[in-house]
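This report refers to the structure that appears directly beneath it.
Here is the naming used below: chain letters follow the sequence lines, and residue numbers restart at 1 for every chain. No hydrogens, no waters, no symmetry mates; every other heavy atom, side chains included, goes into these values.
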Amino acid sequence: MYGLGLIKGLGITMKNLVIPSRQFNVYQYPNKRATPWDLAKINNSKPFTYIAKNPLTTIKSFVGLVNVEEKLPQHPNFRGEEFAWYDNRCTGCASCAKYCPLGIIKIVTGTSGVNSQEGQSYDLEVFDIDIGRCMFCGLCVEACPYDALHMGSGFEEAQYQRSNLVIDINKLKSAEKKPSTWFRPQLVNQGHDPISGDTADWRKVGRHEKPSQEDQSERWAKR
Amino acid sequence: MYTSFYQLIDFHSFYDMYYKIFESLGLSSSASWMSYLAAGGSLSFLAINLLVLATAFYTWFERRTIARFQVRRGPNRNGPFGLGQPFADVIKLIMKEDTIPTEADKPVFTIAPIALLAPTLLIITVIPIDDASFLATLNIGILFIVGITSVNSIAIFMAGWGSRNKYAILGSMRGAAMLISYEIPMALGITSVLLISGSLAMTEIVAKQDIWFIVVMPMGFFVFMAAATAEMSRTPFDQIEAESELGSGYNTEFSGIKFAILFLAEFMAPIVTSAVVTTLFLGGSQGFDFLPGQAWFVLKMFVVIFILLWIRSTWPRLRIDQIMGFAWKILMELGFVNIFLIAIEVAVLMDPVTGLLTSQDLLIMAAINWVFTILTLVFLANLLGKRNYDRPDPVPSPLANMQPKGEK
Amino acid sequence: MTGIRTEPVTVNLGPQHPSTHGVFRLRVTFDGEEIIDLEPVFGYLHRGTEKLAETRNYTQIVTLTDRMDYVASMSNNLAYVRTVEDLSGIEVPERAQYIRVICAELQRIASHLMATGFLLNDIGALATPLIYCFREREKILDLFEMLCGARITLSYMRPGGVFQDADQDFWNALDILIQELPHYLDELETLISKNEIVLARTRSVGVLSDEDAIDYGVTGPILRASRVKWDLRKANPYEIYDRIDFEVPIGVEGDTYDRFHVRLLEMQESVKIITQCITQIEKGSIRADVPYFIRPKPGETYQSVEGPKGELGFYLISDGGVSPYRCKVRAPSFINLTPLKKMMLGWKMGDLITILGSIDIVLGEVDR
Amino acid sequence: MISQGIASSLTVEISFWVISISTILSAIAVVQIKDLFRASLFLILTFLGVAGLFILLGAEFLAGIQLMIYVGAISVLIIFAILMTREIEISNQSHYMRILVSMVALGFMLLAISLITSTDWNLIDSRSFPQNQTDEIIATVQNSIPTLSKMLLTEYVLAFEMVGVLLLAAVLGALALVREKK
């Protein structure tokens, strides 16, 4: 019958309005409006004791004036900004620079003062990554033979000037290193989760030998 | 308590108050007309500001509700539950640069928003929010509403023409054609109400609704609602500013405070329309005693608004020729049929001496009308359904012949 | 001829217009509301992908293909890596092929969801179906994030396979998605394709006959909507499509309604394909041992896949070096735009938007 | 409340002067402004002013009808007609027949004035009636619609039907005009 589809459509929209599981997964980034129950959970106390202790905050949160920070849920595989670079592992081979489709990695090396023997390792003088032009394809990470360069997990790197978007060697050295598990099965095997704030030491991140086909299959393949 | 408060905001009390003030100032000779003006001014000021405030919160309500339908959250950042959002919007719009296109017809362009807002504001004057009217007891109340809304089409035309934009002109051409066409079914829907109530005054119409008119004549309600939806250009009739086709229609070139006024008028329309619908079909301020009449009125308005939003968030829009066809080919006929039916019923059932209809009469009419309405709608649906649903099974075209490589 | 003579109005629809799906411009001449002439103008998003490809090596070009049809990166990646594999004779492990097919079909669902949602938005449904579609698409994007760390510009495939195997999280999430998705698609169909207003707006509007469709070189759902049963997955099975059982849905007469209804049906078929892939997939290698710098022998090749929008083909000429001598893309969106005038003349302005929406163009691909 | 307004005679007088002056000014503007679109907008203003005068007279029904038909329908028709013409901004020009036209207009004006002055308007002066009849008259004036409709369907039924036939003819003519000729 004509017109029945219109009525059915109204029914579907009403269903989506009413059923909570139909709601879009909306994350109130960066701040979430917290209910008293949320607040109690955050402060590790039972809801009623929390409400009894903080009546003012409870009233505020009922009206919707209390915010707590919320991060967007990501997978540890997320290819993000803040490259994690380990100078202990880097030999300055510049594979990453060579493999980058945009050529935004700049590496200048000199002879090492520590390892005097030539060819053993180089001192890196410049290691710039211009993330203003980076498209986070991850080819540099894939190319690194010594697992020295890893993708990061951040995504809030807005700057006022383009020049600030260039990550130089000092920044890379001093940064808190939260490598993404992208293309790094060994980190997955260790249960590394950069999103919840796990940092990784340079000793942890490397593959000391190439994993065998069986190893990979055991770990990765379900079927 | 509420009655006394309501009587405080009343023309007479204002008049008396100002009269005393002017008398005490020693202006007793001219106190009469001065207090008349002052009372009217104060009352209008209150009414307009109340309406504007209501519209501001209505925008919030609309955005939140539609967001919920669309499984989103809606504005929830400014203030508790996002209630500060309308004020943020207004402040933003006022702060913005008010650009006028170089080629625009400047006076027309400037007056258009005001011309659109004024009629909508005027409608609220005759709507009885409780037993007494809020502002004026015009005995032509509903006729005044029909007349004053027709100014809208001119205002939309002024906006479109004044901005010298092709999209705007297209939008306003559509608008003028559509608004004029839908005035006829709307008037027909109103006429069927008038046949029973026997009066043009809104208070009388409310008083006559022993049985709500939506029960008595569902067809009239359907016709009026459809026409009113088109009159305020909401989905599925929002061709005037079909944002996917015309950008923004007649208000494409407007910015700043002019845009704010245009949108004020646009968002005021659902409030005003739902108030009119409540008065005509939902028994106005009638209700049970535990709540004041005003509260019932607002509650019914909210129900109407919610249904409008529900429809808006579900249905797409019709094409312009389909909209016009709907007005002239379906809605007008339904309106006429409804009027004939009601007229016959009224002529048969009405007490010839007193000219009144008892509630029993209304119930009899309701029974006849419901059966008739359902039959008509089913008939219409089947008539239309035959054309659109008969569709053969797909037949593959003989021109292409898809075979995997190697097979012959 | 009509009794009253009116003056035609020429309107520039775009490049900045809400319904041109990007920076596309249509110079339309209206007689009142009726279209009497139209001329598409594009190139506003030209980024020289084909030329850029000549200065990059074969692996790096994968990142360029992401940005062509940016709502269906997986399909672009697949088409490109298949061409490179054909050019340099690389054998792809079976598991990689299955994963690639799963990804391509997921991407097809995502792309079709977006196309349907935006079409409904063009018809004027105030974004409600659009957001229902996006809700489902978002789940697929979450899957891609688990798989390869990105949501839109994936760069997942490499010549010789895929760069990384699927995680356990991915398989679990995929199972849930496959269970839920048909139900949501049914609901979407009830909401959209049984709605009388949508029927009134789309039935018999912008009809493209089967002859015209073939003559204009149209491919994909638009071709199938015009009753032509032509699908590269069946006609020229690549990867492992020959082991999978699925239907090719076709339309009734080739109008706007058929064009989006075929997409709705195709999504159901894609779900079937993924279900079969999950049961058939086995352990194994996911990437052939391919050097980073591929140097194919001099020669040329053309390979194409059935993308969400039609036949997506890459034509590569190698001169033996690390980068192709010439790279030409057969972009389905671009070629599907050819019968625009045929479909639109004589219809109203509202139909113009609807027909354009039903073609489902992505300007990144049209202009490349 | 209108009655209270009438009681306050100075207010009525002020509004009468404001409305009538603006009506006359806008009527002059209709003739004098060259831009046709603006002229039509002034025409609408004139119609609105006339509606206001009707309200001041207590003929609210007429005012409503004036709003509905003249402001709502006729002026939009005029605007549509204007859109069909070319060179809207300069087409309200003076031309060589202006003297002739102004003389005819003057003649009509004199005729109207003479008619107005010579007619015995027979105005009802409510003060001259006894108290009990005044209420009745006020009731009739305030609720004039039943009286009007009764008169339309009894005394003036011929004129009413004529208007209906005229409108029907106009609709048919419009249809014949825009119909596609084969």
Trace of the side chain to side chain contact (heavy atoms under 4.5 Å, CB included) decision for Y167(B) with H17(C): CA-CA 11 Å; Y167(B) 290 118; H17(C) 188 276; 3.4 Å; yes
What part of D210(C) is in contact with chain B, defined as an atom under 4.5 angstrom from a non-hydrogen atom: side chain, backbone, both or neither? both
Per-residue contact mode, V262(C) against chain B (heavy atom under 4.5 angstrom): neither
Which atom pair, heavy atoms only, marks the closest approach of K166(B) to V11(C)? CD-CG2, 4.0 Å
Starting from the C-alpha separation in whole Å, work towards a yes-or-no answer on side chain to side chain contact (heavy atoms under 4.5 Å, CB included) for V71(B) and R135(C). CA-CA 9 Å; V71(B) 294; R135(C) 183 182 58 196; 3.6 Å; yes
Within this structure, what is the CG-OG1 distance for the pair N195(C) and T314(B), rounded to the nearest 0.5 Å? 8.5 Å
Tell me, for E211(C) versus chain B, whether the close heavy atoms (under 4.5 Å) come from the side chain, the backbone, both or neither. both
Given Q322(B), R319(B), M173(B), the one with more heavy-atom pairs under 4.5 angstrom with chain C than any other is R319(B)
Specify which of D242(C), T128(C), V198(C) makes the most heavy-atom pairs with chain B at under 4.5 Å. T128(C)
Can any side-chain N or O of R317(B) pair as donor or acceptor with the backbone N or O of A125(C) at less than 3.5 Å? no
So which part of I320(B) gets closer than 4.5 Å to some heavy atom of chain C, the side chain, the backbone, both or neither? side chain
Considering only heavy atoms, which portion of L191(C) lies under 4.5 Å from any heavy atom of chain B: side chain, backbone, both, or neither? side chain
Looking only at heavy atoms, which two atoms of F69(B) and Y132(C) are closest? And how far apart? O-OH, 2.8 Å
Using side chain to side chain contact (heavy atoms under 4.5 Å, CB included), reason through R174(B) and E33(C) one step at a time and then give a plain yes or no. CA-CA 9 Å; R174(B) 285 175 172 188; E33(C) 285 259 339; 2.5 Å; yes
Carefully, step by step, assess I131(C) and R72(B) under the rule side chain to side chain contact (heavy atoms under 4.5 Å, CB included). CA-CA 8 Å; I131(C) 291 179; R72(B) 297 185 284 121; 3.3 Å; yes
With a 4.5 angstrom heavy-atom cut-off, is it the side chain or the backbone of I169(B) that approaches chain C, or both, or neither? neither
Given heavy-atom pairs under 4.5 angstrom as the criterion, report whether the side chain, backbone, both or neither of I250(C) touches chain B. both
Select, from N121(C), L120(C), I214(C), L13(C), the one with the greatest count of heavy-atom pairs under 4.5 Å involving chain B. L13(C)
Looking only at P249(C), G124(C), A127(C), most heavy-atom pairs under 4.5 Å shared with chain B are made by G124(C)
Counting only heavy atoms closer than 4.5 Å, note whether Y257(C) contacts chain B via side chain, backbone, both or neither. side chain
Between T354(C), I192(C), D255(C), L352(C), which shows the greatest number of heavy-atom pairs under 4.5 Å with chain B? D255(C)
Measure distances from V9(C) to the heavy atoms of chain B and classify the residue's part below 4.5 Å as side chain, backbone, both or neither. side chain
